[in-house]
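Everything on this sheet refers to the single structure shown next.
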Amino acid sequence: MMWTPEIEPISEKVEPPFLGAQMPWFEALNRPGASQVGIARNLLESLPGYFERVPMADRVVGEHPGHYAAGNKDWTLIYTPGQSFRANLAHLGPSPSCSWVCPRAGTRQATQAGDDFCPPTEEDWLLLAQRQNR
């Protein structure tokens, strides 16, 4: 939202906060989400075949609202809002390399590959599963 208090809103019918803006844009740049976008970009651009990625809703098994997956033949990235889930990672071979990525700090922690995954905390996490080099 590019709202600033010094400029009149586009529509005079809109009451503050304008179209959902909670603060001026220059204050929003210091919010945690601003740095998290950069963390996400760096992670995604580091993955091979980034531009060949596709949604992979079938990688999260069962009913897990709020979980999202995308990837390609060599990796899958699954977002979880801090809840356990079951994953189908068979397309990555017998023993994919798995790690939890913290979207708040960009740090990674290795985790055991398997079918069931439990994030380290009840906060947002990304599970990165990658095909092992042969």
Side-chain angles (χ1 to χ4, degrees):
M1 201 54 73
M2 297 301 289
W3 170 68
T4 183
E6 294 81 26
I7 299 174
E8 290 294 318
I10 294 170
S11 169
E12 294 185 22
K13 297 177 187 174
V14 179
E15 296 291 324
F18 308 113
L19 304 175
Q22 301 295 311
M23 65 187 66
W25 67 270
F26 47 85
E27 288 180 24
L29 289 176
N30 296 318
R31 301 290 295 165
S35 64
Q36 292 169 11
V37 169
I39 290 169
R41 178 182 176 175
N42 290 338
L43 171 63
L44 290 170
E45 289 180 348
S46 74
L47 298 172
Y50 166 71
F51 292 104
E52 287 82 43
R53 75 198 183 288
V54 294
M56 296 182 158
D58 62 332
R59 301 301 181 229
V60 179
V61 180
E63 294 294 320
H64 296 285
H67 288 71
Y68 302 97
N72 63 23
K73 65 181 180 53
D74 295 319
W75 56 269
T76 296
L77 190 62
I78 300 174
Y79 165 80
T80 176
Q83 301 165 352
S84 298
F85 61 94
R86 180 170 281 252
N88 173 7
L89 302 175
H91 69 291
L92 297 175
S95 298
S97 169
C98 295
S99 59
W100 289 109
V101 180
C102 175
R104 294 163 300 286
T107 57
R108 296 184 190 195
Q109 330 178 6
T111 190
Q112 193 71 17
D115 296 329
D116 296 309
F117 292 91
C118 181
T121 66
E122 293 182 357
E123 299 171 288
D124 294 350
W125 285 91
L126 299 167
L127 177 73
L128 175 60
Q130 297 178 284
R131 180 182 304 276
Q132 292 278 9
N133 293 334
R134 295 179 188 189

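Residue numbers count from 1 along this sequence.
The shortest side-chain heavy-atom distance between Leu127 and Phe85 falls under the 4.5 Å cut-off. In this structure, the side chains of Arg104 and Trp125 come closer than 4.5 Å at one or more pairs of heavy atoms. When side chains are defined from C-beta on, Leu128 counts as touching Leu47, because their heavy atoms get closer than 4.5 Å. Contact check for Asp58 versus Met56: side-chain heavy atoms found under the 4.5 Å cut-off. For the pair Phe117/Ser84, no side-chain contact is recorded, criterion being any heavy-atom separation below 4.5 Å from C-beta on. Looking at Gln109 and Thr111, their side chains never come closer than 4.5 Å, going by heavy atoms from C-beta outward.
Cluster membership for Leu92 and Leu126, using ILVMFWY side-chain heavy atoms within less than 4.5 angstrom, is not shared. Linking Ile, Leu, Val, Met, Phe, Trp and Tyr residues whenever their side-chain heavy atoms come within less than 4.5 Å leaves Val61 and Ile78 in two separate clusters. Criterion: ILVMFWY side-chain heavy atoms under 4.5 Å apart, direct or through other members. Under it, Val101 and Tyr79 are part of a common hydrophobic cluster.
Atom CG of residue Leu77 and atom CZ of residue Arg53 lie 10.5 Å apart, to the nearest 0.5 angstrom. Here Cys98 contributes atom SG and Gln132 contributes atom CD; the two are 8.5 Å apart, rounded to the nearest 0.5 Å. Rounded to the nearest 0.5 angstrom, Ser35 OG and Leu29 CG are separated by 11.0 Å.
Annotation: side-chain contact (heavy atoms from CB on, under 4.5 Å) contacts of Ile39 (sequence neighbours excluded): none.
The environment of CD in Glu27 is crowded: more than 12 heavy-atom neighbours from other residues, nucleotides or ligands sit within 6.0 Å. In Glu45, the CD atom is crowded: over 12 heavy atoms of neighbouring residues, nucleotides or ligands sit closer than 6.0 Å.
When every heavy atom of Ala34 is checked against every heavy atom of Ala28, the shortest pair comes out as CB-O, 4.0 Å. The shortest non-hydrogen separation linking Ala69 to Arg59 is CB-CB, 4.1 Å.
Residue pairs meeting the side chain to side chain donor-acceptor pair (under 3.5 Å) criterion with at least one member in residues 64-78, sequence neighbours excluded, are His67-Thr80, Asn72-Trp75, Asp74-Arg131, Thr76-His91.
With hydrogens and angles ignored, the 3.5 Å screen pairs a side-chain donor or acceptor of Asn88 with a backbone N or O of Ala90.
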